[in-house]
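Side chains are part of it too, since the values below use all heavy atoms of this structure and drop only hydrogens, waters and symmetry mates.
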Amino acid sequence: MARRLFDEVRERGYPGGERVVKRYVQRLREAFPQDDPPRKAPSVRDLTSWITRHPDRLDDDQAQQLMQILARCPALHRTAEHVRAFAALMNDRRGRDLGQWMERVQADDVPALHGFVTGLGQDLDAVVACHSLRYSSGAVEGHTKSR
């Protein structure tokens, strides 16, 4: 940074040496230390992972970044709420509540989830049964042969 600054001020006519600029920059760094170094902006993959992960599995920094991003984007915040509510339904095997969840998503202005809800609705009975009943054919699903 000091070298770049020196080059810039020299182009503007600074007659001094580089060492003077380096000492000045060092004093500035000592006077104004950065507690938190600048961090890289989270990627779409990071954000998606944070939204779909259980909140207890986020570290403090991830949770804080997610909170800041969601606060700046109400549509993404609503989407994240719907995604987490869906995950809770699936994890708690409350398939019978899926219809209500779908109605809330359709009533909300979150087009990113509308296609997902439409797809669920095409096979709703199977999805509800899968996430309501104690037994599952998941281990054999797709392994049946036609004769």
Starting at [atom1] of [X], measure out to [atom2] of [Y] and round the result to the nearest 0.5 Å.
{"X": "D97", "Y": "D92", "atom1": "CG", "atom2": "CG", "result": "9.5 Å"}
{"X": "R78", "Y": "D109", "atom1": "CZ", "atom2": "CG", "result": "6.0 Å"}
{"X": "H114", "Y": "M102", "atom1": "NE2", "atom2": "CE", "result": "11.0 Å"}
{"X": "L98", "Y": "E103", "atom1": "CG", "atom2": "CD", "result": "10.5 Å"}
{"X": "L47", "Y": "I51", "atom1": "CG", "atom2": "CD1", "result": "4.0 Å"}
{"X": "L113", "Y": "Q106", "atom1": "CG", "atom2": "CD", "result": "9.5 Å"}

Closest heavy-atom pair and its distance - [X], [Y]:
{"X": "E81", "Y": "H77", "result": "OE2-CE1, 2.8 Å"}
{"X": "V21", "Y": "A2", "result": "CG1-O, 3.7 Å"}
{"X": "A75", "Y": "V110", "result": "O-CG1, 4.0 Å"}
{"X": "F6", "Y": "G17", "result": "CE1-C, 3.5 Å"}

Note to self: So, using ring-ring contact (aromatic ring centres under 6.0 Å, His included) as the criterion, who are the partners of F116 when residues are at least two apart?
What the structure shows: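 Applying ring-ring contact (aromatic ring centres under 6.0 Å, His included) to F116 gives F86.
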
Sequence neighbours excluded, every pair satisfying side-chain hydrogen bond (donor to acceptor under 3.5 Å, both in side chains) that has a member inside residues 11-24: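 Applying side-chain hydrogen bond (donor to acceptor under 3.5 Å, both in side chains) to every pair that reaches into residues 11-24, excluding sequence neighbours, yields R3-E18.
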
Once salt bridge (charged side-chain N to carboxylate O under 4.0 Å, His left out) is applied, do any residues pair with [X], and if so which ones, sequence neighbours excluded?
{"X": "D123", "value": "none"}
{"X": "R10", "value": "D7"}
{"X": "R45", "value": "none"}

request  = Please answer: with hydrophobic residues joined when any side-chain heavy atoms are less than 4.5 Å apart, are L28 and V20 in the same cluster?
outcome  =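 Per the 4.5 Å side-chain linkage, L28 and V20 are not co-clustered.
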
Please confirm whether the backbone N or O of R104 pairs with a side-chain atom of D108, one donor and one acceptor, at under 3.5 Å?
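No, because the side chain of D108 does not come within donor-acceptor range (under 3.5 Å) of the backbone of R104.
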
Check: H82 main-chain N/O paired with W101 side-chain donor or acceptor under 3.5 Å: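 Checked: pair present.
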
Show the atom names and distances, to 0.1 Å, of all donor-acceptor pairs under 3.5 Å that link a side chain in residues 55-74 to residues at least two apart or in another chain.
unit_1	atom_1	unit_2	atom_2	d
D59	OD1	D61	N	3.1
D59	OD1	Q62	N	2.7
D61	OD1	R39	NH1	2.4
D61	OD2	Q65	NE2	2.8
Q62	OE1	R53	NH1	3.3
Q62	OE1	D59	N	3.0

Is it the case that the side chains of S49 and D46 hold a donor-acceptor pair, with the cut-off being a distance below 3.5 Å and no angle test?
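No, no side-chain donor-acceptor pair sits under 3.5 Å.
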
